[in-house]
Amino acid sequence: MPELPEVETVMRGLAARLQGRRIVRADMRRADLRWPVPSGLAAALTGANVASFARRGKYILMRLQGGDSLLLHLGMSGRMIITPPGPAAPVLHEHFVMQTEDGFRIALVDPRRFGSLDLLPTSEEASHPLLAGLGPEPLGPDFTAAKLSAALAGRRTPIKAALLDQRVVAGLGNIYVCEALFRARISPRRLAASVAGARAARLVPAIVATLTEAIAAGGSSLRDYVQPSGELGYFQHAWKVYGRAGAACELCPGKPACSGISRIVQSGRSSFFCPRSQR
DNA sequence: CAAGAATCCTGTCAGC
DNA sequence: TGCTGACAGGATTCTT
């Protein structure tokens with residue numbers, strides 16, 4: 001579920017609740033997530049003071065005073081739930097729980113257990129195996145048309161698959177790739193290597209705008225990033241193509257030649273696009 | 001080497 | 001109502 005905008009919103013919500021506070025207890029309920037969670041992780045967090053948060057692609061980093069970082073990935077079905085002090089009803093698939101000194105519970109709920117947790121020295125974040133190979137941050141200064149073209153050069157795979165490759169650019173998932181390609185009027189089937197020049201020059205700002213607007217929607221639709229349910233970072237968004245097969249295409253109003261939004265499958269995943277306006 | 005398929009796991013939903 | 005199969009926003013590992 002969570003792509004860069006959702007992860008960013010979750011991170012901000014966690015920061016609002018945890019930054020500058022002390023974790024008085026931490027419990028690993030299930031350590032068999034995507035990879036086995038290190039056995040000492042909960043003990044290392046217990047009593048720790050939270051210094052700051054950062055995000056890299058779809059990964060969240062929680063930096064502790066004392067020099068360690070918690071690395072968190074939500075996978076497909078991971079959510080963070082914040083509940084205020086008081087009795088808490090049991091929640092299914094609650095694999096990791098932290099409690100702050102002011103009595104709030106912060107829990108990782110992940111039915112499919114594709115998420116991951118790890119603990120590492122803050123000084124070694126950049127060389128961590130899960131982070132070292134990531135491409136540029138799409139909202140950072142290194143994400144330019146020239147650099148994207150260079151990363152795509154020679155790639156004989158569809159642009160859709162290339163943009164899902166976290167080594168090309170970090171943080172995009174199936175939804176935002178579909179939305180950004182629509183915005184840039186580029187077919188998901190187009191050969192990645194052919195996305196250069198004017199197309200790359202359209203694609204970069206299309207990705208930036210798509211992600212920026214989604215983050216803004218998340219922050220504005222949730223009060224302090226927390227829904228009434230306590231859930232962080234998930235928000236309704238008006239997708240233009242994702243999940244809208246058969247719907248009218250906004251780029252071709254009144255054009256009889258436009259048959260609307262199509263759904264195709266590429267490398268086992270759904271792609272939604274307008275075959276008329278996306279080339 | 002690169003590209004696509006298979007894989008981990010559970011929940012949900014459409015169709016019968 | 002209950003069963004079955006397809007599918008889900010991720011990312012690694014295996015095959016070709």
Side-chain angles (χ1 to χ4, degrees), chain A residues 1-11 29-37 55-60 71-81 91-96 108-118 128-135 138 150-182 188-195 207 210-211 213-215 217-218 229 231-246 263-273:
Chain A
M1 300 204 175
E3 303 182 33
L4 187 151
E6 290 77 25
V7 174
E8 177 71 22
T9 306
V10 169
M11 185 205 72
R29 305 277 176 79
R30 276 200 81 149
D32 54 335
L33 303 184
R34 179 72 169 82
W35 294 283
V37 177
R55 180 189 55 73
R56 182 75 176 92
K58 299 172 193 171
Y59 292 90
I60 290 172
L71 181 64
L72 164 69
H73 192 286
L74 296 169
M76 290 269 272
S77 60
R79 296 169 295 151
M80 297 301 298
I81 310 281
V91 176
L92 216 53
H93 307 302
E94 196 178 69
H95 305 316
F96 178 63
L108 168 65
V109 175
D110 183 10
R112 292 172 77 177
R113 286 185 282 125
F114 288 176
S116 58
L117 286 170
D118 200 5
H128 189 281
L130 294 172
L131 303 180
L134 293 178
L152 297 174
R155 283 206 165 228
R156 308 197 60 78
T157 190
I159 184 66
K160 167 75 187 303
L163 293 176
L164 286 173
D165 186 338
Q166 303 296 298
R167 296 169 300 185
V168 171
V169 54
L172 294 180
N174 205 34
I175 292 178
Y176 293 105
V177 168
C178 290
E179 295 294 321
L181 286 172
F182 177 72
R189 294 195 272 221
R190 171 171 284 278
L191 203 64
S194 75
V195 177
I207 290 171
T210 301
L211 296 176
E213 288 175 13
I215 291 170
S229 63
E231 191 169 331
L232 274 177
Y234 293 78
F235 39 91
Q236 289 292 354
H237 197 89
W239 313 122
K240 296 188 185 306
V241 289
Y242 184 82
R244 303 196 64 217
R263 174 186 180 271
I264 61 172
V265 175
Q266 295 179 286
S267 49
R269 321 214 35 200
S270 294
S271 294
F272 298 89
F273 72 115

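All values below were derived from every heavy atom in this structure, side-chain atoms included, with hydrogens, water molecules and symmetry-related copies excluded. Below, chain A is the first sequence line, B the second, and so on; all start at residue 1.
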- Using Watson-Crick or G-U wobble geometry with both distances below 3.5 Å, tell me the partner of C:dA11, or none. B:dT7
- Query: Do A:Gln266 and A:Ser271 pass the side chain to side chain donor-acceptor pair (under 3.5 Å) test, and can you show the C-alpha distance, the side-chain angles, and the key distance before you say yes or no?
  - Reply: CA-CA 7 Å; A:Gln266 295 179 286; A:Ser271 294; 2.5 Å; yes
- Task: State whether A:Tyr242 places a side-chain N or O below 4.0 Å from either non-bridging phosphate oxygen (OP1 or OP2) of C:dG9.
- Result: yes
- Quick one: A:Trp35 CH2 to C:dA11 P, roughly how many Å, whole number? 9 Å
- Query: Does a side-chain heavy-atom distance below 4.5 Å link A:Leu232 with A:Ile81?
  - Reply: no
- Check: A:Arg155 side chain, B:dA3 base, donor-acceptor under 3.5 Å: no
- Message: If you compare every side-chain N and O of A:Thr157 against the phosphate oxygens of B:dG4 (OP1, OP2), does one of them come in below 4.0 Å?
- Response: yes
- Task: Please check the phosphate of B:dG11 (OP1 and OP2 only) for any side-chain N or O of A:His93 closer than 4.0 Å.
- Result: yes
- In whole angstrom, give me the gap between the P atoms of B:dA6 and C:dA6. 13 Å
- Taking the side chain from A:Glu6 and the backbone from A:Glu3, do they hold a donor-acceptor pair closer than 3.5 Å? yes
- What nucleotide among C:dA8, C:dG9, C:dG10 has an atom nearest to a side-chain atom of A:Arg34? C:dG10
- Message: When the P atoms of C:dC14 and B:dC9 are compared, how many Å lie between them, rounded to an integer?
- Response: 15 Å
- Message: Taking 4.0 Å as the cut-off, does a side-chain nitrogen or oxygen of A:His73 come that near to OP1 or OP2 on C:dA11?
- Response: yes
- Send over the distance from A:Leu33 CG to B:dC9 C1', rounded to a whole Å. 11 Å
- Query: Rounded to whole angstrom units, what separation is found between the CG atom of A:Asp110 and the P atom of C:dA8?
  - Reply: 18 Å
- Proximity to the side chain of A:Arg113 - top-ranked nucleotide from B:dC9, C:dG9, B:dA3: B:dC9
- Message: Of the options C:dG9, B:dA5, B:dC9, whose atoms approach the side-chain atoms of A:Ser267 most closely?
- Response: B:dA5
- Item | Selected nucleotide, minimal atom distance to A:Lys58 side chain, candidates C:dG10, B:dA3, C:dT12 | C:dG10
- Task: Ignoring backbone atoms, test whether A:Arg263 places a side-chain nitrogen or oxygen under 4.0 Å from the OP1 or OP2 oxygen of C:dA8.
- Result: yes
- Message: Looking at A:Leu131, is its backbone amide N or carbonyl O close enough to the side chain of A:Gln166 to form a donor-acceptor pair, meaning the two atoms are under 3.5 Å apart?
- Response: no
- Item | Side-chain H-bond candidate by donor/acceptor type, A:Asp118 with A:His128, under 3.5 Å | yes
- Query: Rounded to the Å, how far apart are A:Leu72 CG and C:dA11 C1'?
  - Reply: 15 Å
- Mind checking the P distance from B:dA5 to C:dC7? Whole angstroms is fine. 14 Å
- Rounded to whole Å, the CZ-P distance (A:Arg79 to C:dG10) equals 16 Å
- Return no unless some side-chain N or O of A:Ser270 is found under 4.0 Å from OP1 or OP2 of C:dA8. yes
- Message: Heavy atoms from C-beta onward define the side chain here; which of B:dG4, C:dA8, B:dG11 lies closest to that of A:Pro111?
- Response: B:dG11
- Interatomic distance where NE2 belongs to A:His128 and C1' belongs to C:dA11 [whole Å]: 14 Å
- Message: Looking only at the side chain of A:Arg156 (C-beta and beyond, no hydrogens), which of the listed nucleotides B:dA3, C:dC7, B:dG11 gets closest?
- Response: B:dA3
- Query: If you pin A:Tyr59 and A:Asn174 to their nearest nucleotides in DNA chain C, which one's is more 5'?
  - Reply: A:Asn174
- Message: When you measure from the side-chain N and O atoms of A:Arg269 to the phosphate of C:dG9, is any distance below 4.0 Å, counting only OP1 and OP2?
- Response: yes
- Rounded to whole Å, the CZ-C1' distance (A:Arg112 to B:dT7) equals 11 Å
- Determine, answering yes or no, if A:Phe114 is stacked on C:dA11 under the 5.5 Å centre rule and the 30° plane rule. no
- Message: Among residues at least two apart in sequence or on other chains, which ones pass side chain to side chain donor-acceptor pair (under 3.5 Å) with A:Arg244?
- Response: none
- Would you confirm whether the ring centroid of A:Tyr176 sits within less than 6.0 angstrom of the ring centroid of A:Trp239? yes
- DNA chain B nearest-nucleotide lookup for A:Gln266 and A:Arg167: closer to the 5′ end is A:Arg167
- Message: What is the separation between atom CD1 on A:Ile264 and atom P on B:dG4, rounded to the nearest whole Å?
- Response: 12 Å
